[in-house]
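Handing you this structure, nothing more for now.
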Amino acid sequence: MGSRGVANMVLSRASRMKAKLQSSLEASLLEIEDVSHQHAGHAAVKGNTAGETHFNVKIVSPKFDGLNLVKRHRLVYDALAEELQSGLHALSIVAKTPQEEGAAARK
């Protein structure tokens, strides 16, 4: 196993997600909340001893400018592809541009 595999074992899934999203989407705001405990009895997570299967993600990125909601979510899923293949089961995503976040803050 290479050093990358060792690093992935040491960092929490939330930490890895944050690093991947920050790197690929240049987020100006990034909040990741682990809500796995709310889904502990669900069939899809039975046998998963690590927890860390369900997350809420709020991300503000200039890379979302001009993209519809589906395309924004696709960018997030693409950035987290490795996590989705290794136990990440569900994401709730709020993806905004800096302009949209600024307008929401002024309301």
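Here, residue 1 is the first one in the sequence, and each next residue gets the next number.
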Can you name the nearest heavy-atom pair linking A79 to S24, along with the distance?
->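 In terms of heavy atoms, the two residues are closest at CB-OG, 3.3 Å.
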To the nearest 0.5 angstrom, please state how far the CZ atom of F55 sits from the CE atom of M17.
->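 Interatomic distance, F55 CZ to M17 CE, rounded to 0.5 Å: 5.0 Å.
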Would you say the side chain of I93 lies within less than 4.5 Å of the side chain of L69, judging by non-hydrogen atoms?
->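 Heavy-atom side-chain distance check fails, nothing below 4.5 Å.
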So, does S86 use its side chain to make a donor-acceptor pair with the main chain of E82 at under 3.5 Å?
->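 Side chain of S86 to backbone of E82: a pair is present.
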How close do E100 and K96 get, heavy atom to heavy atom, and via which atoms?
->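 Where E100 meets K96 most closely, the heavy atoms are OE1-CA, 3.3 Å.
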Should L75 and L67 be marked as a side-chain contact (heavy atoms from CB on, under 4.5 Å) after you check the CA-CA gap, both sets of side-chain angles, and the distance that decides it?
-> CA-CA 10 Å; L75 286 177; L67 299 180; 3.5 Å; yes
Is there a donor-acceptor contact under 3.5 Å from the side chain of T97 to the main chain of P62?
->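 No, T97 side chain to P62 backbone: no donor-acceptor pair under 3.5 Å.
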Answer yes or no: is there a donor N or O on one side and an acceptor on the other, between the side chain of E83 and the main chain of L88, under 3.5 Å?
->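 No.
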Do L30 and V60 sit in the same hydrophobic cluster, where Ile, Leu, Val, Met, Phe, Trp and Tyr count as joined when their side-chain heavy atoms come under 4.5 Å apart?
->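 Shared cluster, no.
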First locate atom OH of Y77, then atom CG of L91, and finally report the distance between them rounded to the nearest 0.5 Å.
->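 CG of L91 is found 5.0 Å from OH of Y77.
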For the student: nearest non-hydrogen atoms of S36 and H54, plus distance |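 Taking every non-hydrogen atom into account, OG-N, 3.0 Å.
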pair L29-K58: side-chain heavy atoms closer than 4.5 Å |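 Yes, close enough: below the 4.5 Å cut-off.
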Evaluation steps, salt bridge (Lys or Arg N to Asp or Glu O under 4.0 Å), between E31 and K18 | CA-CA 8 Å; E31 298 173 359; K18 187 169 189 166; over 6 Å; no
How far does CD1 of I59 sit from CD of E26, to the nearest 0.5 angstrom?
->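 It is 10.5 Å, given to the nearest 0.5 Å.
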Any V94 side-chain heavy atom under 4.5 Å of V57 side chain =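 Side-chain contact under 4.5 Å: no.
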How long is the span from the CG atom in L21 to the CD1 atom in I32, to the nearest 0.5 Å?
->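 It is 5.5 Å, given to the nearest 0.5 Å.
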Kindly give the heavy-atom pair with the smallest separation between N68 and K71, and that separation in Å.
->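 So the minimum-distance heavy-atom pair works out to OD1-N, 2.8 Å.
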Side-chain donor or acceptor of S28 paired with backbone N/O of S61 under 3.5 Å =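 Side chain of S28 to backbone of S61: no pair is present.
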